[in-house]
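Everything on this sheet refers to the single structure shown next.
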Amino acid sequence: MEQVSANRSHGGTQGVYTHQSTATGTAMTFSVFVPDHAPGAKLPVLWYLSGLTCTHANVTEKGEFRAACARAGIIFVAPDTSPRGDDVPDDEGYDFGKGAGFYVNATQAPWATHFHMRDYIETELPALIAAEFPADMARQGITGHSMGGHGALTIALRNPGRFRSVSAFAPIVSPMHCQWGEKALTGYLGADENAWREYDACALIEDGARLPDLLVDQGEADNFLHEQLKTGLLVMACRKAGIPATVRMQPGYDHSYYFISSFMAEHVAWHAERLKA
Ligand SMILES: N[C@@H](CCC(=O)N[C@@H](CS)C(=O)NCC(=O)O)C(=O)O
């Protein structure tokens, strides 16, 4: 692992790092904020998965998480959303290929060579974070935005017990039932919809997966709400399964980082409550 940059901020260190990933077969860049802490102390970890078109940089620069993470003593990890590089295939649309890995392990050519974001986020990066940072991996939370909200929900649902806290900002709640998801899942996994279910939060819940509880914020003025995000499907799935979900519709807020940053401190506090000792 190589350090790309390190900046003192809010009584901690905001770092950006790069490493050669086995999962994707490419270099991968991610950011980590580490609050100041006592020598030898291990801090809980909050994962943040980003949305379409994003790298680690969008939330790092615009997410406004640092003051809250410093206060709560929480490490904040922001990975990239896909493999990158000249060897990595891409699509002309912003919603597939680079910047749009959808946190799956692709099985279809030409994507299957590099697009293993599920393995990267579930296995490879956690091992690296545990080895290189003062992280207490027994205390992890996960959140994300849009495609990253989908990532956070599905990864938490598939790994019961790993995350003590789960939240999302404007998540894609059922990629099987929106154009972004249909395009991505067909492209990465093929046409057999049975293979899609482990990448669909609502389908995972229908199939018996559970979360301890859940916080979701969704802007009511979000352009993508009705066609792509479909928050109501998650509300119904959680209600039917008895998952205590707090889903807050926020009047006037759109899909941007102006929305995310407005509720970030509340999400960090919500995770902190569940990640304490
Ligand atoms: N406005 C984008 C749609 C994609 C989009 O809104 N991306 C969201 C995540 S789903 C985002 O966070 N964009 C980057 C940013 O706002 O910094 C486009 O049409 O290219």
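None of the values given here were measured: they were computed from a predicted structure. All ligand and atom numbering here is 1-based and tracks the order in the structure.
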Passing option when Val77 is tested against Val45, Ile121, Leu46 for side chain to side chain contact (heavy atoms under 4.5 Å, CB included): Val45

Arg118 with Glu198: basic N within carboxylate O range, under 4.0 Å: yes

Ring centre gap for Phe224 and Trp180 strictly below 6.0 Å: yes

N/O pairs closer than 3.5 Å, ligand 1 and protein:
from: ligand 1; atom 1: 7 (N); to: Leu52; atom 2: O; distance (Å): 3.0
from: ligand 1; atom 1: 13 (N); to: Thr53; atom 2: OG1; distance (Å): 3.4
from: ligand 1; atom 1: 17 (O); to: Asn58; atom 2: ND2; distance (Å): 2.7
from: ligand 1; atom 1: 17 (O); to: Lys62; atom 2: NZ; distance (Å): 2.7

Pairs meeting criterion salt bridge (charged side-chain N to carboxylate O under 4.0 Å, His left out) with involvement of residues 52-81, two or more places apart: Asp80-Arg84

Exercise: do Ser146 and His255 side chains pair donor with acceptor under 3.5 Å: yes

Centroid separation His267 to Phe65 less than 6.0 Å: no

